[in-house]
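Each residue takes its place number in the sequence, starting with 1. Remember, predicted model here, so these are calculated numbers, not experimental data. Just so it is clear, the values below take in all heavy atoms, side chains as well, and ignore hydrogens, waters and symmetry mates.
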Amino acid sequence: MAKGNNIVLGLVVGSFVILFLVFFAIGIIRMSSDRTGWSGFGDKVAIVEIQGTIDRSEQIVDDLRRYADDNSVKGIVVRINSPGGVVGAAQEIYAEVLRISSEERKPIVASMGSVAASGGYYIACGADCIYANPGTLTGSIGVIMQYPVMKDMLDKIGIQFETVTAGEVKDVGSPYQYPDDRDSVVLKRVIEDTHQQFVNVVSERRRMDPDEVVEVADGSLFTGLQAQRRGLVDSLGGLESAIAYLEELNDYGSGLKRIRPEAEEGFTIFDLFGKSATKIINFSDVGSPKLMYLYR
């Protein structure tokens, strides 16, 4: 009987040892990857990616701040592959990039991928140096605001909205009525102010005369080569060139380990019942005008 108990105990202990070794091996593999939340040992360059349309800033700002506070990270590359997005989100990311450049005494470089236009370019302006591929699509310095006008559709199905406001122009931009001259005046005023903010950022960060910026700030799109000739980017080259710049700046040769924020887990059916549902089904802002630094 005692012998049988010893066998069972041995099997249980052996199983736990095997599980420990498996999880330990998985941990080692994850830590050896450049896409991990653990920064490891030695000097590093952090690569923070901005992919697709920008509608939120929190995660990117958190990643930038974490690497800025990590003494082992000797430089940061903001890898931009984005046509831009919501003005507020782009400005928040730009502000953090600029803060790192100005206050942290840690070099931060923008590397443009296939496209880094409008809000993507706005963010790049906060960096110490901007790299673009010769064929990168960039520029598109301008503002766009779009919203649907659904009145005809609602009239056809017999739905009407009664709007009561305190304030003469409170309902400007409502999708439930036809826009009029009042809408155009109010919204145009907002768009022009936001556009001027963009011009000011480019003028200050690229050390260009405001009138010179205005000439290219009509929403025009440029290749990386054209942008360099106009002073909108510093150098031509891809991600490797941006990393090499940081390594040379720090006199590390090619010895900086590359790290990236941990990749987000993919979407599963269970996310429908959790917080991700708000990302998939969100009707709360349908029809609301949004200021966009966005290339369409």
Looking at residues at least two apart in the chain, or sitting in another chain, which of them share a salt bridge (charged side-chain N to carboxylate O under 4.0 Å, His left out) with Glu92?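 Expected list: none.
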Can you list every ring pair (Phe, Tyr, Trp, His ring centres under 6.0 Å) pair that touches residues 201-225, not counting sequence neighbours?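 Sorted result for residues 201-225: empty, none.
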Test: ring pair (Phe, Tyr, Trp, His ring centres under 6.0 Å). Region: residues 97-126. Which pairs qualify, not counting sequence neighbours?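 Every pair satisfying ring pair (Phe, Tyr, Trp, His ring centres under 6.0 Å) with a residue in residues 97-126: Tyr94-Tyr122, Tyr122-Phe198, Tyr122-Tyr293.
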In terms of side-chain geometry, is the basic nitrogen of Glu247 or Arg258 positioned less than 4.0 Å from the acidic oxygen of its partner?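 Arg258 and Glu247: not salt-bridged.
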Is it possible for you to say whether [X] and [Y] belong to one hydrophobic cluster, with membership spreading through side-chain heavy-atom contacts below 4.5 Å?
X: Val185; Y: Val190; answer: no
X: Val115; Y: Leu239; answer: no
X: Leu291; Y: Tyr295; answer: no
X: Leu64; Y: Val73; answer: yes

Return the CD1 to OG distance between Ile76 and Ser111, rounded to the nearest 0.5 Å.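 Rounded to the nearest 0.5 Å, the CD1-OG separation comes to 14.0 Å.
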Could you grab the distance from atom CZ of Arg229 to atom CG of Leu236, nearest 0.5 Å is fine?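 If we round to the nearest 0.5 Å, Arg229:CZ and Leu236:CG are 9.0 Å apart.
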Set of residues satisfying side-chain contact (heavy atoms from CB on, under 4.5 Å) with respect to Asp63, sequence neighbours excluded: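 By the side-chain contact (heavy atoms from CB on, under 4.5 Å) rule, Asp63 matches Val48, Gln59, Arg66, Pro261.
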Is there a side-chain contact between Arg99 and Glu96 (heavy atoms, below 4.5 Å)?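 Sidechains of Glu96 and Arg99: in contact.
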Can you name the one residue among Arg189, Gln197, Gln196 that meets side chain to side chain donor-acceptor pair (under 3.5 Å) with Asp193?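 Exactly one option meets the side chain to side chain donor-acceptor pair (under 3.5 Å) with Asp193, and it is Gln197.
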Through direct or indirect side-chain contacts below 4.5 angstrom among Ile, Leu, Val, Met, Phe, Trp and Tyr, which residues connect to Met292?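 Cluster partners of Met292: Val86, Ile144, Leu294.
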Sorted by first residue and then second, give each side chain to side chain donor-acceptor pair (under 3.5 Å) pair with at least one member in residues 205-219; sequence neighbours left out.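 Qualifying pairs, neighbours excluded: Arg206-Asp234, Asp218-Ser220.
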Quick one about Asp55 and Thr53 (side-chain donor to acceptor, distance below 3.5 Å, no hydrogens or angles considered), yes or no?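 Thr53 vs Asp55: no donor-acceptor pair found between side chains.
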Can any side-chain N or O of Lys106 pair as donor or acceptor with the backbone N or O of Ala68 at less than 3.5 Å?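 Yes, because the side chain of Lys106 sits within donor-acceptor range (under 3.5 Å) of the backbone of Ala68.
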Would a distance-only check, ignoring hydrogens and angles, find a side-chain to backbone donor-acceptor pair under 3.5 Å from Ser82 to Ile50?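 Not at all, since once roles are kept as given, no pair shorter than 3.5 Å links the two residues.
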